[in-house]
K.L.:
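Here's a structure for you.
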Amino acid sequence: MNPVPGAPTPGPPTPGPPAAVLAGLGAYVPPRVVTNEELTRELDTSDQWIFSRTGIRQRHVVEPGTATADLAAEAGARALKSAEASAVDAVVLATATPDRPCPATAPDVAARLGLGGIAAFDVAAVCSGFVYGLWVAAGAIATGAERVLLIAADTFSTITDPADRATRVIFGDGAGAVVLRRGTAGEPGALGPIDLGSDGTQAELIMIPGGGSLRPAGTPDGQASPYFTMRGRTVFRIAVERMTASSRTVLARAGWSADDVDLLVAHQANARITEALGERLGIAAACRASNIAKVGNTASASIPLALADAAAQGTLRPGHRVLMTAFGGGAAWGSAALVWPDLAGH
């Protein structure tokens, strides 16, 4: 088409908004392993009972004196090394087990990593924390950050009742981390659509009753349990429903079908939940990540730990289409999609 006389010459096309691109991955679990057999010495249970209901054979737990920040700093250092990055603009720590109620744990982790006076803060979305953290990191990059270190770390062994068979056998401790850099949509590693949701009317499904502002510690009403509690059967049903719906939303936004998904990386809450979710979505068992037998339910850390394990095993390779989804306390849930990039060793 001929230009209109006197009209300004068109410039180059306006670039789209920056995308958050996965550039590094790190994972860490504490060295102490607690097997199902070890738990049978303290609880009325058996290896068969635990495994048949959860899919767990063992879990890693911290030694006394080791805290969430210790795990987070190790995973964060490994992610930085994987990304070949010495600096980031922010540290986001997803955790339900901070070192203390106040202040946040993220600034301590940033200081340990030698990252200077950058922005650092915690995100509290329990087992959905990593997906929520992806959304937060993507927003930071969209508004000017060049790199964000996202860490998901939890030490649920410190908040589970030692005498409660229903919760103690499930949880393990661990941390996973990713570095996200500024990039362009469509390149390998660029975050695709993210879907988040919550339902505060379901808060009592997964909670710690005592110790907060509602029931402060040291007051008569603060005698409520300081331990993590969960209504397992109801959580199972709602978790499958919410993760299924959220995953379908992300698949639709990404323009993917279930057959396009190379790896479903669901929160490793229970092997039977992952199985039910995969069946509802129509994703074959061979395309479902699972490391719960080795590490248990590591809460917010479960998705990045599963990603690291799958990458190390070779079941997650560059170019694979990855669907991530989680459900946790709040109730809160979320899903995200990306095409896996070629990362350095982790």
Side-chain angles (χ1 to χ4, degrees), residues 48-57 59 126-128 130-131 166 169-172 192-199 202 205-206 230-311 313-317 320-340:
Q48 181 183 10
W49 188 92
I50 297 170
F51 183 74
S52 65
R53 286 162 175 77
T54 67
I56 299 169
R57 293 289 190 191
R59 71 285 297 145
V126 198
C127 298
S128 298
F130 180 73
V131 181
V169 302
I170 296 173
F171 291 95
I194 299 175
D195 174 72
L196 303 176
S198 70
D199 182 0
Q202 303 288 348
L205 290 179
I206 301 171
M230 180 172 61
R231 298 180 182 176
R233 292 183 180 179
T234 306
V235 168
F236 187 110
R237 175 180 58 82
I238 296 178
V240 173
E241 291 174 355
R242 293 300 191 180
M243 287 194 289
T244 299
S246 181
S247 294
R248 287 173 175 163
T249 296
V250 164
L251 289 174
R253 291 178 183 172
W256 297 356
S257 70
D259 291 338
D260 292 325
V261 176
D262 295 295
L263 195 66
L264 168 64
V265 185
H267 164 50
Q268 303 289 290
N270 182 303
R272 294 191 296 172
I273 288 180
T274 302
E275 180 182 2
L277 173 66
E279 289 177 352
R280 287 200 181 189
L281 291 174
I283 296 175
C287 298
R288 305 170 198 162
S290 178
N291 67 343
I292 192 170
K294 299 186 295 183
V295 297
N297 180 342
T298 53
S300 68
S302 73
I303 288 180
L305 283 175
L307 288 170
D309 186 68
Q313 296 297 323
T315 55
L316 176 57
R317 299 187 296 276
H320 276 180
R321 292 183 176 185
V322 180
L323 172 64
M324 299 169 281
T325 188
F327 178 89
W333 57 87
S335 303
L338 60 78
V339 176
W340 195 250

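Computed from a predicted model, the values in this text were never measured in an experiment.
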K.L.:
Distance from Leu305 atom CG to Ser300 atom OG, nearest 0.5 Å?
P.N.:
9.0 Å
K.L.:
Which heavy atom of Thr325 sits nearest to which heavy atom of Ser335, and what is that distance?
P.N.:
OG1-OG, 2.8 Å
K.L.:
Just to verify, what does Asp195 make a side chain to side chain donor-acceptor pair (under 3.5 Å) with, not counting sequence neighbours?
P.N.:
Ser246
K.L.:
If you define the side chain from C-beta out and look only at heavy atoms, does anything of Thr54 sit under 4.5 Å from Ile292?
P.N.:
no
K.L.:
Heavy atoms only: give me the nearest Cys127-Phe327 pair and the separation to one decimal.
P.N.:
CB-O, 3.4 Å
K.L.:
For Phe171, does the six-membered ring have the charged nitrogen or CZ of Arg59 within the cation-pi criterion, i.e. under 6.0 angstrom from the centroid and within 45° of the normal?
P.N.:
no
K.L.:
Side chains of Gln268 and Val295, heavy atoms from C-beta outward: is any pair under 4.5 Å?
P.N.:
no
K.L.:
Minimum heavy-atom separation for Gly334 to Ser128, with atom names?
P.N.:
N-OG, 4.3 Å
K.L.:
Once salt bridge (charged side-chain N to carboxylate O under 4.0 Å, His left out) is applied, do any residues pair with Arg288, and if so which ones, sequence neighbours excluded?
P.N.:
none
K.L.:
Are the side chains of Leu323 and Ser247 in contact, using a 4.5 Å heavy-atom criterion?
P.N.:
yes
K.L.:
Side-chain contact test, heavy atoms from C-beta onward, threshold under 4.5 Å: evaluate it for Met324 versus Leu307 and give yes or no.
P.N.:
yes
K.L.:
Please report the closest heavy-atom contact between Trp256 and Val322, naming both atoms and the distance.
P.N.:
CZ3-O, 3.7 Å
K.L.:
Donor-acceptor pairs are to be reported for all side-chain atoms of residues 273-285 against protein atoms at under 3.5 Å, with residues two or more places apart or in another chain.
P.N.:
none

K.L.:
Please collect all salt bridge (charged side-chain N to carboxylate O under 4.0 Å, His left out) contacts where either partner lies in residues 255-269, sequence neighbours excluded, each pair once.
P.N.:
Asp260-Arg321
K.L.:
Minimum heavy-atom separation for Val250 and Ala337, please, with both atom names.
P.N.:
CG1-CB, 3.6 Å
K.L.:
Quick one: pull up CH2 in Trp333 and NE2 in His267 and give me the separation to the nearest 0.5 Å.
P.N.:
14.5 Å
K.L.:
Could you give the distance from OG1 (Thr315) to CG (Asn291), rounded to the nearest 0.5 Å?
P.N.:
10.0 Å
K.L.:
Do side-chain atoms of Ser302 reach the backbone of Thr298 as a donor and acceptor pair under 3.5 angstrom?
P.N.:
no
K.L.:
With sequence neighbours excluded, what pairs up with Arg272 under the salt bridge (charged side-chain N to carboxylate O under 4.0 Å, His left out) test?
P.N.:
none
K.L.:
Would you say that Asn270 contacts Asn297 through its side chain, given a criterion of any heavy-atom pair below 4.5 Å between the two side chains?
P.N.:
no
K.L.:
So, for Ala336 and Ile194, which heavy atoms are closest and what is the spacing to 0.1 Å?
P.N.:
CB-CG1, 3.8 Å
K.L.:
Excluding sequence neighbours, so at least two apart, what forms salt bridge (charged side-chain N to carboxylate O under 4.0 Å, His left out) with Arg248?
P.N.:
none
